[in-house]
Q: 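There's a structure below that I have some questions on.
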Amino acid sequence: MAIDYIERIPNNVNLSENRRLQRALEEWQPRFLDWWKDMGPEGFQPLDIYLRTATSVDAKGWASFGYTKMPDYRWGIFLAEQDPERKIHFGQHKGEPAWQEVPGEYRGTLRRLIVTQGDTEPASVEQQRQLGLTAPSLYDLRNLFQVNVEEGRHLWAMVYLLHAYFGRDGREEAESLLERRSGDQDKPRILGAFNEATPDWLSFFMFTFFTDRDGKYQLASLAESGFDPLARTCRFMLTEEAHHMFVGETGIARVVQKTCELMTAHKTADVRRHGGIDLETLQRYLNFHYTVSLDLFGSEVSTNAANFYTMGLKGRYEEARKDDDHNLMDATYGVIVPQNGMAVERQEPALTSLNARLRDDYTMDCARGVARWNQVIKRAGIDFELKLPHIGFNRRIGAFSTLSVTPDGRIVSAEEWERGRKAWLPTEGDHDFIKSLMVPVREPGAYAPWIAAPARGINNMPPAFEYVRFS
Ligand code: BYC
């Protein structure tokens, strides 16, 4: 059957005028759909879901709501509006016009960055594919699917760049993006966190809060890129990414709220007996997801990061707003590193410290979200604070990866750390308990007993709106 691809792929890149690109995407699209059917949300493909679809980048078109079956979702290609005057604003090419084509000398590096970014998108869909079966409400179920289809669109965004600008190598990389699998022994996804399981909804909310937020900071740095198509693509992706973090932040806030209600009603912190998730368990999940996400920033001192910057490929968070020379040749930055058995701040060249700097921006953002959760606890009159652990805790990448660091930042022996582990990271028992809570709730307007209802519906829909139609 002939498919009208131009109709099927909404875009603002004049796809219909570029036959070569159109053909490449026509070949890739059926394989994407096969991947989606195999690895996308399990059990919900034929159902009507109330989804947001982007049909253009302007205020009117980027959020059109309506019922769609997920395989019919129109995964489009959108770049933020072009600024014809745009200049590269950092690194050794500062002041030159932004590149509209890939500079030959940076081709390999740029492709690698795009592939690494692209690889995370299908990975997260794979990680989350079973969660629909145990959603705590139709509202949450719909939000999961919204996140999933948009990660699918973000894969399209990177595949568009590979196809449009990297010729045959790009097409091969686009194929490989559909071949690697999250958690697979032989063909794993590229970055660590994207090979971890997302086995339950508490993990999902933590993932969308912490790991999607790494996405925000990485995309924001790539949105500064001298390679203009990448910058414009990432700028538009960031508008969608905001909803994913909203799902995470409000998801955890609703769990915290329910926990506090149960603590107050039953006058105990041990709310497990009453079907809630105790604050200590929330802290352990937080510790895990935050630290796994910290690893996504790479080593705090990194020549790769320095090169990406000097080449003009990847900037700092809000690079354009920073008031310095945007070359960083002489500047330094305070990086927390281990020294003589302690975590201390050391001045390092600013250029090689760019991963640490981006990670610090991320940490401040995470801390603001955690403070909002703590407000919920405080308002309930409960004396407990959720905390971000020390950046050295539970690390696999970077200066602390070979050390045993406690959540409060003490470097201890491996034995002492192992003794503390069950107080700091989710235990098998925690996982089993959380799993036991995961029973699906499918009645419109109803919520599982471990989570509070949201303050308002999606697109201002009423509380009992049927976000997913089962009939
Ligand atoms: N796991 O100098 P280093 C998102 C590798 S999330 C495995 O320390 P660098 C999303 C590294 O590749 C955002 N390997 O770090 C969220 C390098 O390998 P080579 C995704 C790792 O290169 C939720 C070596 O270690 N986007 O969008 O400065 C849902 C030494 O590297 C890891 C990006 O990440 C790791 N964690 O920085 C859906 C942006 N960390 O070269 C989506 C693109 C490092 O020695 N990527 N390595 O073979 C980048 O900017 C950089 O590749 C990284 C690493 C920040 C990831």
Side-chain angles (χ1 to χ4, degrees), residues 108-129 131 144 146-158 161 173 177 180 182-183 188-196 198 203-225 227 230-231 233-234 237-238 240-248 289 291-311 313-317 335 348 351-359 361-362 394-401:
T109 311
L110 201 45
R111 191 184 62 212
R112 175 111 194 250
L113 280 171
I114 292 171
V115 166
T116 306
Q117 176 63 49
D119 191 68
T120 62
E121 317 290 1
S124 68
V125 175
E126 292 165 3
Q127 288 170 296
Q128 296 163 13
R129 67 186 295 259
L131 290 175
L144 167 71
Q146 184 70 55
V147 169
N148 291 160
V149 292
E150 284 175 356
E151 300 303 5
R153 207 198 68 70
H154 293 177
L155 170 61
W156 270 90
M158 292 300 125
L161 294 175
E173 292 286 10
L177 287 170
R180 286 185 287 272
S182 174
R189 291 293 174 184
I190 296 170
L191 298 176
F194 293 90
N195 289 303
E196 299 284 345
T198 311
S203 303
F204 172 65
F205 290 135
M206 291 288 179
F207 183 97
T208 42
F209 182 83
F210 286 110
T211 308
D212 277 88
R213 194 172 308 274
D214 167 56
K216 167 182 164 183
Y217 281 83
Q218 298 295 346
L219 289 173
S221 319
L222 295 174
E224 305 286 341
S225 183
F227 179 48
L230 174 62
T233 303
C234 291
M237 288 163 77
L238 281 164
E240 290 169 324
E241 202 65 35
H243 175 69
H244 306 187
M245 287 176 292
F246 163 86
V247 167
H289 286 273
T291 53
V292 165
S293 303
L294 289 178
D295 281 343
L296 292 171
F297 289 85
S299 302
E300 37 282 270
V301 177
S302 160
T303 46
N304 282 352
N307 290 337
F308 299 155
Y309 186 86
T310 303
M311 292 168 174
L313 305 181
K314 184 178 173 189
R316 286 171 293 177
Y317 182 63
V335 181
E348 293 282 341
L351 263 184
T352 45
S353 311
L354 286 166
N355 286 345
R357 185 176 195 140
L358 190 64
R359 193 196 62 196
D361 290 331
Y362 165 84
N394 192 39
R395 299 296 306 282
R396 300 278 172 279
I397 302 274
F400 290 96
S401 60

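Every number for a ligand or one of its atoms is a count from 1 in the order of the listing.
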Q: Ignoring hydrogens and angles, state whether a donor on the side chain of H243 or Q146 is under 3.5 Å from an acceptor on the partner side chain.
A: no

Q: Is a donor from one side chain sitting under 3.5 angstrom from an acceptor on the other, for T198 and S203?
A: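 Result is no, nothing qualifies.
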
Q: Which residue and non-hydrogen atom of the protein lie closest to atom 55 (C) of ligand 1, and at what distance in Å?
A: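 Among all protein heavy atoms, the one nearest atom 55 (C) of ligand 1 is L296 O, 3.5 Å.
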
Q: Apply side-chain contact (heavy atoms from CB on, under 4.5 Å) to F207 and Q128, showing your working.
A: CA-CA 10 Å; F207 183 97; Q128 296 163 13; 3.5 Å; yes

Q: Considering non-hydrogen atoms of the protein only, which is the closest contact for atom 29 (C) of ligand 1, and what is the distance?
A: E151 OE2, 3.4 Å

Q: Consider every N or O of G192 and every N or O of ligand 1, then say whether any pair is closer than 3.5 Å.
A: yes

Q: Would you say Q117 has any N or O atom under 3.5 Å from an N or O of ligand 1, going by distance alone?
A: yes

Q: Kindly compute the distance separating CZ (F297) from CG (L191), expressed to the nearest 0.5 Å.
A: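 The CG atom of L191 is 11.5 Å from CZ of F297, to the nearest 0.5 Å.
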
Q: Pick, from L313, D295, T352, the option with the minimum heavy-atom distance to atom 36 (N) of ligand 1.
A: D295

Q: What closest approach, in Å, do G183 and N195 show between heavy atoms, and which atom pair accounts for it?
A: N-OD1, 2.7 Å

Q: For atom 25 (O) of ligand 1, state whether the nearest protein heavy atom is under 4.0 Å away.
A: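 Flag for atom 25 (O) of ligand 1 set to false, no protein heavy atom closer than 4.0 Å.
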
Q: Looking at every heavy atom in both S225 and A231, which two are closest together, and how far apart are they?
A: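 Nearest pair, atom of S225 first, then A231: O-CB, 3.6 Å.
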
Q: Are any side-chain N or O atoms of Q127 and backbone N or O atoms of S182, one a donor and one an acceptor, separated by less than 3.5 Å?
A: no

Q: Ignoring hydrogens and angles, tell me if any N or O in the side chain of S221 forms a donor-acceptor pair with the backbone of Y217 under 3.5 Å.
A: yes

Q: Among all the protein's non-hydrogen atoms, which is closest to atom 2 (O) of ligand 1, and how far away is it?
A: S302 OG, 2.7 Å

Q: Can you check whether a protein heavy atom sits less than 4.0 angstrom from atom 20 (C) of ligand 1?
A: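 Within 4.0 Å of atom 20 (C) of ligand 1, protein heavy atoms are found.
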
Q: I need the nearest protein heavy-atom contact for atom 31 (O) of ligand 1: residue, atom name and distance, please.
A: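 Among all protein heavy atoms, the one nearest atom 31 (O) of ligand 1 is N304 ND2, 3.5 Å.
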
Q: Closer than 4.0 Å to some heavy atom of G215 - which atoms of ligand 1 meet that?
A: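 Once the distances to G215 are compared, the set is 4 (C), 6 (S), 13 (C), 27 (O).
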
Q: Kindly state if atom 5 (C) of ligand 1 has a protein heavy atom within a strict 4.0 Å cut-off, that is, under 4.0 Å?
A: no

Q: Using a 4.0 Å heavy-atom threshold (strictly under), name the region of I397 that reaches ligand 1: side chain, backbone, both or neither.
A: side chain

Q: When you measure from atom 13 (C) of ligand 1 to every protein heavy atom, which one gives the shortest distance, and what is it?
A: D214 OD2, 3.3 Å

Q: Considering heavy atoms of the protein only, find what lies nearest to atom 50 (O) of ligand 1 and give residue, atom and distance to 0.1 Å.
A: K314 NZ, 2.6 Å

Q: Could you check whether K314 pairs with E224 (Lys NZ or Arg NE/NH1/NH2 to Asp/Glu carboxylate O, under 4.0 Å)?
A: no

Q: Counting each atom of ligand 1 from 1 as listed, which ones have a heavy atom of S124 under 4.0 Å away?
A: 29 (C), 38 (C)

Q: For F194, take its heavy atoms, then give the atoms of ligand 1 lying under 4.0 Å from any of them.
A: 6 (S), 10 (C), 16 (C), 23 (C), 29 (C)

Q: Of the listed options (S293, A306, G298, S401), which comes nearest to atom 44 (C) of ligand 1 when hydrogens are ignored and any heavy atom counts?
A: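 Looking at heavy atoms only, G298 sits closest to atom 44 (C) of ligand 1.
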
Q: Please work out, at 4.0 Å between heavy atoms, whether the side chain, the backbone, both, or neither of T116 comes within that distance of ligand 1.
A: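 Within the 4.0 Å criterion, T116 contacts ligand 1 through side-chain atoms alone.
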
Q: For ligand 1, does S299 get within less than 4.0 Å through its side chain, its backbone, both, or neither, judged by non-hydrogen atoms?
A: both

Q: Give the atom numbers and elements of ligand 1 that come within less than 4.0 Å of a heavy atom of I190.
A: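 Near I190, meaning under 4.0 Å from one of its heavy atoms, ligand 1 has 7 (C).
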
Q: Looking only at distances, please establish whether an N/O atom of ligand 1 is found under 3.5 Å from an N/O atom of D212.
A: no

Q: State whether the side chain of D212 and the backbone N or O of H244 hold a donor-acceptor pair below 3.5 Å, judged by distance alone.
A: no

Q: For atom 11 (C) of ligand 1, is the nearest protein heavy atom closer than 4.0 Å?
A: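 False for atom 11 (C) of ligand 1.
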
Q: Please could you name the atoms of ligand 1 that L113 approaches to less than 4.0 Å, counting only its heavy atoms?
A: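 This gives 43 (C), 46 (N), 49 (C), 50 (O) as the contact atoms.
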
Q: May I ask you to identify the nearest protein heavy atom to atom 9 (P) of ligand 1, giving residue, atom name and distance to one decimal place in Å?
A: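 Of the protein heavy atoms, N355 ND2, 3.7 Å lies nearest.
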
Q: Between R396 and D295, is there a salt bridge with N-O shorter than 4.0 Å?
A: no

Q: State whether E241 and R213 are salt-bridged, where the test is any N-O pair (Lys NZ or Arg NE/NH1/NH2 against Asp/Glu carboxylate O) under 4.0 Å.
A: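 No, this pair does not count.
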
Q: How close do L222 and L313 get, heavy atom to heavy atom, and via which atoms?
A: CD2-O, 4.3 Å

Q: Around atom 41 (O) of ligand 1, find the nearest protein heavy atom and jot down its residue, atom name and distance.
A: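 The closest heavy atom on the protein side is R112 NH1, 3.0 Å.
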
Q: Which atoms form the tightest heavy-atom contact between S124 and E151, and what is the distance?
A: OG-CG, 3.3 Å

Q: Judged by non-hydrogen atoms, does Y217 sit under 4.0 Å from ligand 1?
A: no

Q: Considering the heavy atoms of A305, write down every atom of ligand 1 situated less than 4.0 Å from one of them.
A: 28 (O)

Q: Contact between L219 and ligand 1, counting heavy atoms under 4.0 Å?
A: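 No, L219 has no heavy atom closer than 4.0 Å to ligand 1.
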
Q: Would R189 and T120 satisfy side-chain contact (heavy atoms from CB on, under 4.5 Å), going step by step from the backbone distance to the final call?
A: CA-CA 7 Å; R189 291 293 174 184; T120 62; over 6 Å; no

Q: If you apply the rule side-chain contact (heavy atoms from CB on, under 4.5 Å), what do you find for N148 with L144, and how did you get there?
A: CA-CA 6 Å; N148 291 160; L144 167 71; 3.7 Å; yes

